[in-house]
Structure formats: structure tokens, C-alpha cells
Amino acid sequence: MEKLRSLLQHIDGQGYKTYKQLRGIYNFNAFQLTIDHVQGDPFALPSRISIQLSPEQHGLPAEFWQNRMSQTALEDYLGRAVHAAIRKTVKGRRGTGHSGEMKIAVNGQQILRRNAVLIDDNQLEARLLFALPGSGRSILAQEAAVMFFTELPQVVAAGLIWTQRSLTKMKQHIEQAEDQNALRNQLEQLNAVAFVADCSLLPRHSGVDDHPLTNGLAFKSPEELKCDVHLPHRGTISGMAVPQGITLIVGGGFHGKSTLLQALERGIYNHIPGDGRELVVTTVSAVKIRAEDHRKINQVDISPFIATLPGNRATKCFSTDNASGSTSQAANIIEALECDCKCLLIDEDTSATNFMIRDERMRKLVPDRQEPITPLLHRVRELYEKEGVSSIIVTGGSGEYLAVADRVIMMDNYQAFDVTEKARKLSGDKPSSEKERVPFRKFQQRQVDLTIKPLPRQREAKIQVREQRLLEYGQKKIDLSQVEQLLDAGQTETIGRLLAWCGKHDPQQTSGLIATLQQALDQVEQQGLDILLPWKAGHLAMPRFYELVAAANRLREKQ
Ligand code: ADP
Ligand code: MG
């Protein structure tokens with residue numbers, strides 16, 4: 001620590017690049033500081049530092065990280081504690097550009113596995129961005145000294161040192177995450193694909209703010225779908241089990257249908273205490289399916305839904321740079337099945353109508369043989385009965401799906417009612433089709449070129465995330481903006497790194513794209529996110545398998 005202090009005094013006022021001398025390890029009284037990377041100027045991405053604490057220094061009981069799950073929840077909790085401490089103590093602006101900023105990449109309402117905070121039996125480590133202060137291009141050493149010797153120790157004390165402090169909230173954070181996993185693991189036994197506990201709060205603060213809506217109406221299960229579940233920490237809870245099969249969510253406009261579906265979409269993740277969706281869980285493989293005009297499609301067999309296209313284009317191995325609403329939605333389903341998805345989540349708001357339904361009058365006008373599309377309506381039961389894939393479908397405008405539904409939930413003034421019996425009386429016959437049914441799941445093993453090449457005038461190929469879900473991948477681009485269950489820029493970057501990893505280690509993909517990606521993800525699950533980067537950083541977050549594959553499926557050359 002004294003060495004850092006005198007180094008700083010020595011370089012005060014010198015050119016910003018002289019900061020590079022600070023790289024190294026420093027012993028503070030209560031922790032160890034490592035300066036891993038020093039930025040080139042005050043406008044560049046901030047410097048990277050990391051804090052190490054021994055078990056004696058952090059004082060956390062080892063039983064808090066017994067397994068991967070609790071470890072992730074604990075790391076998340078500590079990251080949030082550091083984040084809060086930074087907000088409280090760090091002044092921020094101390095010169096030009098980013099000067100004075102400190103950041104940790106833990107945020108959002110979900111608990112994701114990250115590499116911002118890592119704990120094991122040997123040490124606790126937190127990784128921060130730390131913008132070294134400068135005035136223009138000269139070093140502001142006194143400002144830096146305040147950051148290192150006043151602010152940083154306070155942040156560490158408040159976020160990472162727990163000797164003789166109450167651990168009640170931390171314990172609760174971990175236990176709630178364990179309960180969510182336990183609940184998700186019980187879905188199968190309940191013959192359910194999702195569960196929404198009574199008293200959950202589903203609506204969000206706004207379309208761009210994922211915090212709970214204040215004064216929202218709490219969820220209450222319809223009697224018919226209500227069941228009790230026992231959780232390891234909370235004990236017995238009750239709520240709505242969404243059964244396997246075809247479930248419709250119906251109701252008037254603005255009555256909370258999409259809000260329920262969106263909560264189910266996010267139910268693949270664990271949520272932090274106070275979110276309102278702590279006990280809203282969905283089976284891990286549930287995939288939101290939507291129309292995605294203009295997306296890239298690469299060698300997908302969409303023939304179960306779309307026979308031939310104008311110009312006699314075959315659809316058994318369909319590729320396009322510019323998909324339509326229906327072809328994109330068909331491809332999204334087939335790709336989800338390829339990833340072993342067991343539950344489709346569909347909202348009419350974001351679907352292609354001609355992919356969803358074809359009504360009798362239209363069939364009289366345009367006979368089946370002229371229409372290449374077999375709508376989902378005609379195949380959704382088969383998907384369940386033959387393939388075991390359930391669907392939860394929001395539909396307010398068309399009654400066609402009533403005939404194929406197992407359950408119908410009506411949202412009325414944000415309250416859920418089971419209207420299955422009434423719907424059955426109204427539904428009429430199951431829709432029939434004269435069309436030949438092309439079987440699902442005949443996937444050809446395919447390869448995608450994942451090699452990453454630098455742009456002209458760049459020395460190295462870069463992986464960069466823009467606006468959370470846009471990935472620049474060397475010369476290529478991946479638009480994940482419609483892949484709605486991808487939540488965090490850290491996940492997007494991890495996906496880019498994983499693809500590059502596969503491109504490098506297994507360019508031939510001898511066992512096919514899907515198996516190659518699965519192996520890479522498994523390896524990261526086992527060895528940690530750090531294996532993806534040659535330097536130490538803390539901004540990566542674990543993606544789900546489906547979103548990783550979704551990225552490979554959308555890879556396209558930069559225009
Ligand atoms: P729908 O899909 O049925 O048209 P939405 O789910 O989009 O309706 O919800 C309409 C509005 O109602 C949204 O602004 C949403 O935040 C709000 N909302 C949804 N559920 C609740 C609730 N339980 N309490 C209060 N407001 C809610
Ligand atoms: Mg809606």
C-alpha cells in the first residue's frame with residue numbers, strides 16, 4: 001500500500017500513460033489489491049482492478065457456498081453489496097472522461113452466474129472497473145489517491161468484509177434462490193411447465209424498468225389450478241401450476257395477459273428477493289417464440305410448417321438473409337426443438353397471424369393446397385402428444401385455439417380465472433387439415449462457420465456488444481434483439497466468446513453445431529467463465545444453451 005502511495009506521488013502530473021507503472025499487487029491492511037490492466041487514456045474503457053480477501057479477511061461461513069447454486073447466489077449478493085457501496089461512497093467524476101468512476105458488473109433483477117465476484121475455499125475475489133483520474137492527458141495523482149486509499153477501502157469494508165456482521169439478509173438471498181431451484185425441479189412431478197405462487201407481483205415498473213410496479217395487483221391462483229408445494233426453506237406455498245399440454249391465456253386488451261407470459265419467460269431465471277417474481281418459475285427449457293422479420297435463417301427444415309415457397313423453393317433446408325414473419329416464426333420453433341425445448345411461450349402480440357391461424361372462411365377462399373403454410377393451430381396438439389412439447393399461448397383476438405387447448409386461463413382486471421369448461425362448450429370441432437403432416441425433428445446435422453476474422457485495418461478480431469443484444473463478431477454481426485430471454489450484455493459477450501472458442505477449438509464441428517456448442521458450454525459450466533478470456537475481467541455472465549445456439553443461428557456477414 002505504501003509502495004502504491006509513493007508511486008502515485010512520483011507520477012503526479014506526468015503523461016497519462018505513466019499510470020501503466022501501477023500494474024501489480026499491493027497489500028492493504030484488510031485486503032489485497034491487484035491492478036490488472038491500466039487504461040491508455042481517461043476516455044478509454046476504465047482500468048481493471050481486483051480485490052482479494054482470505055477467508056479470515058472476509059469472514060463468510062463456508063457453508064454458504066456448498067454447491068454451484070448457492071455459490072452463484074452468494075456471489076450475486078456480494079456483487080450487489082459492492083454495487084450499493086460504490087453508489088454510496090464513490091464520488092465519481094474526478095477529471096476528464098470517465099475519471100473517478102468505479103463499477104462492478106452486477107445488476108438486474110435476476111441472479112446470473114458471473115465472474116464479477118468469485119468465491120472458493122481459498123479466497124474471495126471481486127473485479128472492478130476503476131477509471132484512473134486525469135486532467136486531459138496528465139495524471140491527477142491526488143484524486144487517484146483518494147480513490148485508492150479512502151473510497152476503495154470503504155467499498156470493500158461495506159461490500160466484502162463480513163466479520164462480526166449480520167448475515168441474515170445474505171442467508172435469505174441464498175435460501176430464496178435455493179427455493180426457486182427446488183420449485184423448478186418439482187415442476188415435472190406436478191406435471192406442470194410453470195408455477196406462479198400466490199402473492200407474486202408480475203407487472204413491472206415500466207417497459208424499460210424491470211423493477212416491480214408499486215401498487216400492482218398481487219397474483220392469486222384460480223381454485224381449479226391451485227396446488228401446494230413444499231420448499232426447503234419457505235415451507236409450504238400455494239399457487240397456480242400451469243399444466244403440461246396446451247394452455248391458453250385469454251382476456252380483454254390491457255388485462256394482464258402479456259404481463260403473465262413475460263413473467264413466465266423470465267421464470268427460467270432466479271430472481272432476487274423483493275422482485276415479486278421470486279416464486280414464478282418456468283421449466284428451464286421454455287423458449288419464447290415470436291415472429292422475427294428480417295432475421296437470418298441458416299439451413300433450417302421448416303417443412304413441418306411451410307411446404308414450398310414461390311419459385312419452388314424447398315423448405316427442408318431453408319436459408320435466407322431476410323425471413324418473413326411466418327418463416328421466421330417457423331424457424332424459431334424448429335430451432336427451439338433442436339435444443340430440446342419442452343415448452344413454447346407465444347404471444348399473439350408478437351406473432352405472425354398467418355403462422356398462428358387459418359380460419360374456415362379463408363380456407364374456402366384460398367384452399368389448403370394453395371397455401372404453403374400449415375398454421376401452428378393445426379400442429380400444436382401433435383407437438384404435445386408426439387413430441388412432449390407444451391405450449392402457453394396468449395390469444396385475445398381469435399377463438400380458434402379454444403378447440404385445441406387443454407386449459408384456458410382468463411385474465412380479467414389482472415386476475416386469473418380458469419374458464420376451461422366454458423371454453424370447451426364454445427370451442428367446436430378440432431380443426432382439421434387436408435395437408436400431409438411432415439414429421440418434426442428430422443434435423444440434419446449442420447455446421448456453421450464460426451471462425452472469427454478481423455475487420456480490414458484491425459490487427460485482431462474483436463467481439464463487441466452493442467445495446468445489450470447486438471454482437472459484433474469480427475467481420476460478422478449477430479442481431480439478438482428479438483431473442484427476448486437474453487437479458488444481460490454480459491451474457492451476450494459470453495455467447496460471442498463461446499462461439500469464437502468453438503471456431504478455434506473445433507472449426508470442423510465433426511459432431512455437428514449443436515453438440516459442439518453444448519460441449520463448449522458444459523466446459524464453461526465446469527471450469528468457469530474465466531476460461532473464455534486471456535485476461536482477468538469481471539463482466540461476463542452465463543447464458544442459457546438456447547440463446548447460445550440462437551446466436552450461431554443468426555450469424556451473418558457484415559454488410
Ligand atoms: P394485455 O396483454 O392483456 O393487453 P398487458 O399484460 O400488456 O395486457 O398489461 C396491460 C397493463 O397493465 C400494463 O401496463 C401492465 O403493467 C399492467 N398490469 C398488468 N398486470 C397488472 C397487475 N397485476 N397489477 C397492476 N397492473 C398490471
Ligand atoms: Mg398483450
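We count ligands from 1, going down the list as the structure has it; atoms in each ligand are counted the same way.
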Asker: For Leu213, which part has a heavy atom under 4.0 Å from ligand 1: side chain, backbone, both, or neither?
Answerer: side chain

Asker: Check ligand 1 against Gly216 and write out every atom of the ligand that is under 4.0 Å from a heavy-atom position of the residue.
Answerer: 24 (N), 25 (C)

Asker: Counting non-hydrogen protein atoms only, what is the nearest one to atom 8 (O) of ligand 1? Give residue, atom name and distance.
Answerer: Gly256 N, 3.2 Å

Asker: If the cut-off is 4.0 Å to any non-hydrogen atom of Gly252, which atoms of ligand 1 fall inside it?
Answerer: 3 (O)

Asker: Starting from atom 19 (C) of ligand 1, find the nearest protein heavy-atom neighbour and note its residue, name and distance.
Answerer: Thr259 OG1, 3.3 Å

Asker: Nearest protein heavy-atom contact for atom 23 (N) of ligand 1: which residue, which atom, what distance?
Answerer: Leu217 O, 2.9 Å

Asker: Quick one: angle Asp349 OD2 - the Mg ion (ligand 2) - Ser258 OG, to the nearest 10°?
Answerer: 90°

Asker: Is ligand 1 under 4.0 Å from a heavy atom in the side chain of Ser258, in the backbone, in both, or in neither?
Answerer: both

Asker: For atom 20 (N) of ligand 1, what is the nearest protein heavy atom, given as residue, atom name and distance?
Answerer: Tyr414 CD2, 3.4 Å

Asker: Return yes when His255 approaches ligand 1 closer than 4.0 angstrom through a heavy atom, no otherwise.
Answerer: yes

Asker: Hey, looking at atom 22 (C) of ligand 1, which of Ala263, Pro203, Ser200 has the closest heavy atom?
Answerer: Pro203

Asker: Can you pull out the closest protein heavy atom to atom 14 (O) of ligand 1? Residue, atom name and distance to 0.1 Å, please.
Answerer: Phe254 CZ, 3.8 Å

Asker: Quick one: does Gly251 get a heavy atom under 4.0 Å from ligand 1?
Answerer: no

